[in-house]
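Every chain is numbered from 1, with letters handed out A, B, ... down the list of sequences. Keep in mind it's a predicted model, so treat the numbers as computed, not measured.
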2 protein chains.
Amino acid sequence: MKRNLEHIKYKEDTKTLAKFAKALGHPTRIAILKHLEKQSCCFTGDLVDVFPLAQSTISQHLKELKNVGLIQGELKPPKIKYCINQTNWKIAKSLFQQFFD
Amino acid sequence: MKRNLEHIKYKEDTKTLAKFAKALGHPTRIAILKHLEKQSCCFTGDLVDVFPLAQSTISQHLKELKNVGLIQGELKPPKIKYCINQTNWKIAKSLFQQFFD
DNA sequence: AAAACCAATCGTATTTTTACGATAAGAAAT
DNA sequence: ATTTCTTATCGTAAAAATACGATTGGTTTT
């Protein structure tokens with residue numbers, strides 16, 4: 001963006017929905033979430049085995065999903081166990097639901 | 001992306017869902033679609049009045065929504081009437097639905 | 001105490017996205 | 001025929017996203 005257009009006032013729901021959608025806007029992140037849904041939980045290393053991507057790249061995608069609150073990490077030294085954040089998952093679900101009618 | 005990683009094989013549904021999500025990943029585009037849902041249809045100019053964005057920017061967002069098939073444009077010279085593409089809308093809806101369970 | 005393990009972060013390169021103004025293209029009105 | 005209206009497209013600039021390798025930090029194992 002060339003200019004600062006953050007003064008555009010969108011409704012809160014619109015912004016939140018866009019934020020979730022953006023996080024889902026990459027096939028790797030969709031695949032990670034599908035994996036988490038099936039497995040219920042998993043470690044970063046599991047994903048590095050599943051996807052032909054560098055560890056740092058996977059970590060980056062996980063961070064993004066964590067930042068929008070769709071997943072959460074629990075320390076299980078020396079690993080980190082990632083799960084879906086059920087609270088926010090439900091929020092996202094209902095936002096998409098009502099968006100599509 | 002530094003390297004060509006298009007050889008990563010994602011399932012078709014995963015790619016399609018990510019594509020739709022990406023298109024929804026901007027508040028302006030969410031707002032445009034909400035507007036279209038309410039109005040059922042509208043012209044580019046209407047949107048230019050609603051959003052404090054340049055006409056070319058609105059046009060660009062519309063193009064993106066059209067490219068993923070969420071909307072379609074009908075020539076009503078000298079205007080263009082945009083509507084939601086119901087067929088693809090339903091596909092997107094069901095993909096999100098089954099994704100969220 | 002040292003080595004090994006796991007995952008985040010840093011630095012960086014490339015590509016894509018987002019926004020704008022200016023221009024072009026088409027039809028309608030004058 | 002010229003002007004007006006509407007929208008797409010072009011060119012461009014700035015920012016964000018995507019990917020990688022290398023490094024760092026924290027545990028655990030040896």
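- As judged by a 4.0 angstrom heavy-atom cut-off over every strand, A:S59 is placed among the base-contacting residues.
- We find that CD of B:E74 is positioned 14 Å from P of D:dA8, with the value rounded to whole Å.
- What separates NZ of A:K19 from P of D:dA17 is a distance of 13 Å, to the nearest Å.
- Under the 30°/60° scheme for interplanar angles, the aromatic rings of B:F51 and A:Y10 are found to be tilted.
- Checking the phosphate oxygens (OP1, OP2) of D:dA22, no side-chain nitrogen or oxygen of A:S56 falls inside 4.0 Å.
- Side-chain N or O atoms of B:N88 include none that pairs as donor or acceptor with a backbone N or O of B:I91 at under 3.5 Å.
- Residue B:Q60 is in base contact, counting any heavy-atom pair closer than 4.0 Å across all strands shown.
- When rounded to the nearest whole Å, the span between NE2 of B:H26 and P of C:dT18 equals 5 Å.
- The side chain of A:I80 lies closest to C:dA8 when the candidates are C:dA8, D:dC20, D:dT18.
- Of the side-chain N and O atoms in A:K22, none sit less than 4.0 angstrom from OP1 or OP2 of C:dT17.
- Nearest to the side-chain atoms of B:K63 among the listed nucleotides D:dA8, C:dA8, D:dT9 stands D:dT9.
- Residue A:K81 contributes atom NZ, which lies 16 Å from atom C1' of C:dC6 at whole-angstrom precision.
- Among the protein residues, B:Q55 comes within range of the nucleic acid bases, having at least one heavy atom under 4.0 Å from a base atom.
- Look at A:H61 and you'll find a side-chain N or O under 4.0 angstrom from OP1 or OP2 of D:dA19.
- Separating the CZ atom of A:R29 from the C1' atom of D:dA19 is a distance of 12 Å, rounded to the nearest angstrom.
- No more than 12 heavy atoms of other residues, nucleotides or ligands shown are found within 6.0 angstrom of NZ on A:K11.
- Atom pair A:L62:CG and D:dT18:C1' shows a separation of 14 Å (rounding to whole Å applied).
- For B:Y82, whose side chain is taken as the heavy atoms from C-beta onward, the closest listed nucleotide among D:dA19, C:dA8, D:dT7 is D:dT7.
- Side chains of A:T14 and B:K34: a donor-acceptor N/O pair is present below 3.5 angstrom, by distance only.
- When atom types are taken as modelled, the side chain of A:T57 and the backbone of A:L53 share no donor-acceptor pair closer than 3.5 angstrom.
- In this structure, CD1 of B:I32 is placed 14 Å from C1' of D:dT7, rounded to the nearest angstrom.
- For A:T57 and D:dC20, the shortest distance from a side-chain N or O to OP1 or OP2 is below 4.0 Å.
- Sequence order on DNA chain C of the closest nucleotides to A:I58 and B:A54 puts A:I58 first from the 5' end.
- For the pair B:K79 NZ and D:dC5 P, the interatomic distance rounds to 12 Å; values are reported in whole Å.
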